[in-house]
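Below is one structure, written out as structure tokens; comments come after it.
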Amino acid sequence: VGDGAISRQPGGWPAMSTSEPSGGIHKERACSKSGQNIESLFQQHATGVGSAAYPQGRDEVARQLQLIAMEPQAVQNRDDLFVWPWMGVLVNVPTERKNGRHVGESGNRLKEKLSCFCPQKVIPLWNYRGHTGNAIVEFGKDWTAFNNALAFENHFESEGYGKLDWKAYKHRRPGMFGWVARADDQKYPGPIGDYLHKNGDLKTIADVENEEARKTNKLVANLASQIEVKRRHVEELECKYNETTTSLDMIMEQKDQLLRAYNEEIHKMQQLARRHSQRIIDENQKLRSELESKMQNLDLRSKQLDELVARSESDRRNLEHEKEKNGVKTKHLKMATLVQQKADENVLKLVEKHKLEKQVALDKIIKLEHQLDAKQKLELEIKQLQGKLEVMKHMPGEEDSESKKRIDELSEELQDKYDEMDAMESLYHTLLIKERKSNDELQDARKKLIDGLQTITTGRANIGIKRMGELDLKSLAIACGRKLSKEDAEVTAAILCSKWEADIKKPEWHPFRVVMVNGKKRELISEDDAKLQTLREEYGEEVYSLVTKALLEVNEYNPRDRYPVPELWNYKEGRKATLKEALQYVLKQWRAHKRKR
């Protein structure tokens, strides 16, 4: 348009060039570039890149925004009053008379002819007689629209159909005339002035620039306020994060201390139990030796009595009576010996039983070993006291007072042991409840740690979250790529992944067989399953292994609902990660992030 590439069509209508309009700096591009820089700066500060760079970022935002309002316009007179939003005036539009009224081309038709100037719309002006032969061209409010309006005016001026030409020729020359609407057009009486007065304001270039500068300054202030709020929010999050990390450090230290104290206590209890068992065996051996010694003394006395039988008849009767008494005593001693032997056997069996129970308890739950050892100790002492009571009850009658006293002492000691065992049972149940509560708390902490790692973990780290029972699409694509092209492998892998994930979720499909391993039931993949056999034959062992692995995982972690569940995972060793490993990883990542900042 600015190069004079115009031709005249029949009827006086100038042909428009389709080249880009000129006549001023294209300010919209500058605005677009500035907007991108502003958005970049705002995102950097809003995401907490660094509070130290905040003042410089705010100055940069202001500097970029000032480019919008302060760039000069290439017009002859910056103080001319233009109608804003920018509008153009078309006069001498061809019309004809039909049915007693003047008619002319529609606004859309005129807009198509002026399309090279990018008008928003063209409004023909009508009155009671019909089409007035005038039209208003609306371009918009931005600088691009202003440049298009100037190009529109320059085009008509270069063709001799500008505003001055219209004033000179009026209706004496065919063809349309056009120019940019200014103050005198708005004040001119008639349809043109009425429309411009109703739909536009008079503004200079400086007025528009000042208005944009005011809006820009307001935008800068709003952006600065938002950046300040974001910066404070980031500082609050950092403080909360530091507090949480300190609390985790303290909890880990306390846990290590409790574990060391617990191990020391278990070691002491084991030594005490071994010493106690040995003492019981030594006491049984001593008691057996005492019984044998008494039996030997009774035999010797019986022989002495036999030698005195011949001395006298009276002495003989006394000796017979004494022999009967000795016989009864011997019988009692033999019964006591048998009872003691049975007690010794029971003690040995009980020791063996306790050893087995102790080993099982250590395998099942090491935290309750302390209570089990104490309980075993009391049971052994009670059995020993019961054996002693049985022995004392079968002792000869001549020692009744001493035996009764001993029996009373043993009975009292036995009752104390019963009371102590009841207290130990109560303590055992209390500790068991605490252990379950601690286990629930650990499971809750593990769940929260899984939720947190799912939001912050990026890439493949040593410790992360693995969805147990979920098919690995990437691994499937690699496996399919050994037989197919890359594109076909990706499509096939996607189809397989979708199909088999749906099959795994079906509760009616259970391709497992039950086997006994170390006395326990265990479910393994049934190799006779028809679906799995078809999969192995069609796609090979590697794809089969990936699907069966997902099946085993979902059967272990979520056999009821059969959908993938997140789990802490040690990718380096290919196993489930412990809570301690996960916490150490989080602390390590936090320290590394802190050093970078």
Side-chain angles (χ1 to χ4, degrees), residues 360 363-365 439-440 442-444 446-447 449-451 453-454 457 459-579 581-582:
V360 172
D363 293 338
K364 291 183 177 179
I365 177 166
N439 186 61
D440 292 340
L442 287 174
Q443 291 300 323
D444 186 55
R446 187 181 187 92
K447 182 178 178 182
L449 190 58
I450 289 173
D451 294 339
L453 282 176
Q454 287 186 105
T457 302
R460 177 61 66 88
N462 290 339
I463 303 296
I465 303 300
K466 180 181 179 183
R467 292 180 61 80
M468 308 306 293
E470 185 175 70
L471 284 173
D472 189 346
L473 179 60
K474 184 177 179 181
S475 300
L476 278 174
I478 293 174
C480 293
R482 307 190 193 283
K483 295 182 178 181
L484 305 172
S485 64
K486 183 178 180 181
E487 294 182 357
D488 292 342
E490 291 177 353
V491 173
T492 303
I495 295 172
L496 286 175
C497 186
S498 176
K499 175 186 180 302
W500 284 99
E501 281 185 346
D503 288 343
I504 290 173
K505 293 178 181 178
K506 294 179 180 177
E508 63 271 12
W509 186 50
H510 193 75
F512 295 95
R513 57 187 176 90
V514 180
V515 298
M516 297 297 294
V517 179
N518 297 327
K520 296 181 180 180
K521 292 182 178 180
R522 184 177 177 184
E523 289 189 333
L524 300 178
I525 294 294
S526 176
E527 296 181 355
D528 298 332
D529 184 79
K531 284 187 179 181
L532 295 177
Q533 284 182 348
T534 303
L535 176 68
R536 177 183 278 176
E537 292 172 358
E538 291 183 0
Y539 297 99
E541 190 68 29
E542 191 172 356
V543 174
Y544 171 83
S545 298
L546 291 171
V547 173
T548 53
K549 180 182 178 183
L551 270 169
L552 290 171
E553 288 177 351
V554 81
N555 195 52
E556 178 182 358
Y557 285 88
N558 192 9
R560 180 179 178 181
D561 298 325
R562 299 179 71 84
Y563 60 80
V565 294
E567 180 59 270
L568 292 174
W569 196 258
N570 188 325
Y571 285 101
K572 184 177 181 181
E573 300 182 10
R575 61 171 175 80
K576 179 180 177 180
T578 64
L579 187 60
E581 290 174 337

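Predicted model only: the values in this text are computed from it and were never measured. Values below: every heavy atom of this structure, side chains too, minus hydrogens, waters and symmetry copies.
When the salt bridge (Lys or Arg N to Asp or Glu O under 4.0 Å) test is applied to Lys576, the partners found at least two apart in sequence or on another chain are Glu567. With sequence neighbours excluded, the residues satisfying side-chain contact (heavy atoms from CB on, under 4.5 Å) with Asp528 are Ser526, Gln533. Every residue two or more places apart in sequence or in another chain that forms a side-chain hydrogen bond (donor to acceptor under 3.5 Å, both in side chains) with Glu553 is listed here: Lys466. Taking Val565 as the reference, Met468, Tyr557, Asn558, Tyr563 meet the side-chain contact (heavy atoms from CB on, under 4.5 Å) condition, with sequence neighbours excluded. By the salt bridge (Lys or Arg N to Asp or Glu O under 4.0 Å) test, Lys499 pairs with Asp503, sequence neighbours left out. Scanning for salt bridge (Lys or Arg N to Asp or Glu O under 4.0 Å) contacts around Arg482 gives Glu542, with sequence neighbours left out. Among residues two or more places apart in sequence or in another chain, the salt bridge (Lys or Arg N to Asp or Glu O under 4.0 Å) test is passed with Arg575 by Glu573, Glu581. Checked against side-chain contact (heavy atoms from CB on, under 4.5 Å), Ala477 has the following partners two or more places apart in sequence or in another chain: Ala493. Under the side-chain hydrogen bond (donor to acceptor under 3.5 Å, both in side chains) criterion, Arg513 pairs with no residue at all, not counting sequence neighbours. With sequence neighbours left out, Arg536 forms a side-chain hydrogen bond (donor to acceptor under 3.5 Å, both in side chains) with Glu541, Tyr544. Ser475 is linked by a side-chain hydrogen bond (donor to acceptor under 3.5 Å, both in side chains) to Asp472, counting only residues two or more places apart in sequence or in another chain.
Here the straight-line distance linking atom CD1 of Ile465 with atom CH2 of Trp569 works out to 11.5 Å at 0.5 Å rounding. From Arg560, atom CZ reaches atom CG of Asn555 across 14.5 Å, with rounding to the nearest 0.5 Å. To the nearest 0.5 Å, atoms CD (Glu556) and CG (Leu551) are separated by 13.0 Å. To the nearest 0.5 angstrom, Leu471 atom CG is 5.5 Å from Leu476 atom CG. Distance CD/Glu470 to CD1/Ile504: 10.0 Å, rounded to 0.5 Å. With rounding to the nearest 0.5 Å, the separation of CG in Leu473 from SG in Cys497 is 5.0 Å.
In this structure, Cys480 and Leu496 approach most closely via the heavy-atom pair SG-CD1, 3.9 Å. Residue Ala582 comes nearest to Ile463 through the heavy atom pair CA-CG2, 4.1 Å, listed as atom of the first residue, atom of the second, then distance.
Among pairs with a residue in residues 462-520, those fulfilling ring-ring contact (aromatic ring centres under 6.0 Å, His included) read Trp500-Trp509, His510-Phe512, at least two apart in sequence or across chains.
In the displayed structure, Lys505 atom NZ is contacted under 6.0 Å by at most 12 heavy atoms of other residues, nucleotides or ligands.
Looking only at side-chain heavy atoms (C-beta outward), Asn518 and Lys520 stay at 4.5 Å or farther from each other.
Listed for the Arg562 side chain is no donor-acceptor partner under 3.5 Å among the backbone atoms of Val554.
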